[in-house]
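The block underneath contains the structure these notes are about, expressed in structure tokens.
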Amino acid sequence: MENSVIRILLADDHALVRRGVRLILDGEPDLEVIGEAADGAEALALAAADPPDLAVLDIAMPRMTGLQAARELSRSHPDLRILILTMYDNEQFFFEALRVGAAGYVLKSAADRDLVEACHAAMRDEPFLYPGAETALIREYLERARTGAEIPARAVTEREEEVLKLVAEGHSTKDIAELLYISVKTVERHRSNILAKLGLKDRQELTRYAIRAGLIEP
């Protein structure tokens, strides 16, 4: 990508955050934001219409999270580089970001310092770790090695995660069925499976779990 402009798709549900991030990126001679999305689903549609070189995705967005969008973008655009932009300094999200194909993980609080460097690293196929992540991840790795634990597997399937997010956002069973193009009965089955797997009793507990998992914002 030397001597050419890196075309970037930016997705965040907060317009002010998008504006600030866009100012950082457009201020570089070799970076250009070509599209802005307010959620993951919109990001997928924009990428399909005009594929970017790089997608910068917030984690917690309505309808579809940045991690869910990253998973779909990795499948539909294998050459696309992806960065996760987040307010969450959380190892679990970091591992999940790597699992869904992201090249890096940038904290919003340090975007003005780290984001440009992360974009260039991603385009060189180099992973980007925010400063301090190395220490946390090494500590996490050593603890897992000591106890013989592995990186935690996904608690729910991809489809169950989609249903979980929409339930937590307050959508009705009928709405969810229409949004995901599945039957009401299938939505109810997924909801029961989610509650059973996670040991939750009701929508309130499910919503608290979705906030902890970064699927929705508090």
Side-chain angles (χ1 to χ4, degrees), residues 8-18 21 33-52 55-78 80 82-88 90 92-93 96-97 99-102 108 153-218:
I8 300 171
L9 170 62
L10 174 61
D12 193 296
D13 56 321
H14 297 292
L16 276 175
V17 173
R18 289 202 309 274
V21 172
V33 176
I34 61 160
E36 292 186 28
D39 59 52
E42 192 180 341
L44 291 185
L46 288 174
D50 185 12
V56 177
L57 309 171
D58 180 30
I59 283 189
M61 295 187 287
R63 288 205 294 168
M64 180 183 277
T65 69
L67 293 174
Q68 290 172 330
R71 191 185 302 133
E72 295 301 320
L73 286 169
S74 293
R75 288 173 182 159
S76 55
H77 304 275
L80 175 66
I82 298 168
L83 287 175
I84 296 296
L85 183 63
T86 180
M87 59 193 290
Y88 302 105
N90 180 307
Q92 183 185 340
F93 295 155
E96 186 61 25
R99 191 179 277 143
V100 299
K108 286 184 181 178
R154 293 176 58 79
V156 294
T157 66
E158 291 176 21
R159 179 59 95 188
E160 286 167 353
E161 185 185 83
E162 290 172 344
V163 172
L164 164 59
K165 176 174 172 56
L166 293 169
V167 169
E169 286 179 346
H171 294 279
S172 69
T173 302
K174 184 170 176 292
D175 287 343
I176 295 169
E178 288 173 0
L179 282 166
L180 299 180
Y181 304 104
I182 55 179
S183 70
V184 166
K185 194 169 285 187
T186 302
V187 174
E188 289 169 347
R189 189 177 74 247
H190 283 313
R191 191 173 182 276
S192 298
N193 288 344
I194 293 162
L195 293 172
K197 278 185 179 183
L198 300 177
L200 305 175
K201 294 195 294 289
D202 53 29
R203 183 193 286 262
Q204 200 171 5
E205 289 190 355
L206 193 144
T207 302
R208 282 200 293 268
Y209 175 87
I211 291 169
R212 285 200 311 276
L215 292 172
I216 62 171
E217 292 184 323

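Model, not experiment: these values are computed from the prediction.
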Residues in side-chain contact (heavy atoms from CB on, under 4.5 Å) contact with [X], at least two apart in sequence or another chain:
X: Arg18; result: Leu10, Asp12, Ala15, Glu36, Ala38
X: Ala102; result: Ile82, Ile84, Ala97
X: Pro62; result: Asp13, Asp39, Glu169
X: Ile34; result: Arg7, Glu32, Asp50, Pro52

Item to check | Flag side-chain contact, heavy atom, 4.5 Å: Ile8 against Val56 | outcome: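 When only atoms from C-beta onward are counted, Val56 and Ile8 do touch, with a gap below 4.5 Å.
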Checklist entry - Do Val21 and Val33 pass the side chain to side chain contact (heavy atoms under 4.5 Å, CB included) test, and can you show the C-alpha distance, the side-chain angles, and the key distance before you say yes or no? => result CA-CA 10 Å; Val21 172; Val33 176; over 6 Å; no
Checklist entry - For the residue pair Ala168 and Ala210, what are the closest heavy atoms and their distance? => result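 So the two residues come closest at CB-CB, 3.6 Å.
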Next on the checklist: Tell me the closest heavy-atom pair linking Ala43 and Leu9, and the distance in Å.
Outcome noted: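 In terms of heavy atoms, the two residues are closest at O-CD2, 3.4 Å.
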Checklist entry - Less than 4.0 Å between a side-chain N and a carboxylate O, is that true for Glu178 and Lys174? => result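 Yes.
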Item to check | salt bridge (charged side-chain N to carboxylate O under 4.0 Å, His left out) between Arg75 and Glu158, intermediate numbers included | outcome: CA-CA 14 Å; Arg75 288 173 182 159; Glu158 291 176 21; 2.7 Å; yes
Item to check | CG on Leu67 to CD on Glu161, rounded to 0.5 Å | outcome: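 Interatomic distance, Glu161 CD to Leu67 CG, rounded to 0.5 Å: 7.5 Å.
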Checklist entry - In terms of side-chain heavy atoms, does Glu162 have a donor or acceptor partner in Gln68 at a distance below 3.5 Å? => result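 Short answer, no.
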Item to check | Side-chain donor/acceptor of Thr65 to backbone N/O of Leu215, under 3.5 Å | outcome: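 Here the side-chain-to-backbone pair does not exist.
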Checklist entry - What do the steps show when you test Ile194 against Tyr209 for side chain to side chain contact (heavy atoms under 4.5 Å, CB included), and what is the final call? => result CA-CA 11 Å; Ile194 293 162; Tyr209 175 87; over 6 Å; no
Next on the checklist: For residues 185-194, which residue pairs pass the side-chain hydrogen bond (donor to acceptor under 3.5 Å, both in side chains) check, not counting sequence neighbours?
Outcome noted: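 Passing the test, one end in residues 185-194: Ser183-Thr186.
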Next on the checklist: Considering only residues two or more places apart or on different chains, which pairs with a residue in residues 192-206 satisfy salt bridge (Lys or Arg N to Asp or Glu O under 4.0 Å)?
Outcome noted: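 As it turns out, the salt bridge (Lys or Arg N to Asp or Glu O under 4.0 Å) pairs with a partner in residues 192-206, which skip direct neighbours, are Glu160-Lys197, Lys201-Glu205.
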Checklist entry - Should Leu166 and Leu179 be marked as a side chain to side chain contact (heavy atoms under 4.5 Å, CB included) after you check the CA-CA gap, both sets of side-chain angles, and the distance that decides it? => result CA-CA 9 Å; Leu166 293 169; Leu179 282 166; 4.0 Å; yes
Checklist entry - Would Leu44 and Leu73 count as a side chain to side chain contact (heavy atoms under 4.5 Å, CB included) if you check the C-alpha gap in whole Å, the side-chain angles of each, and the deciding distance to 0.1 Å? => result CA-CA 7 Å; Leu44 291 185; Leu73 286 169; 3.5 Å; yes
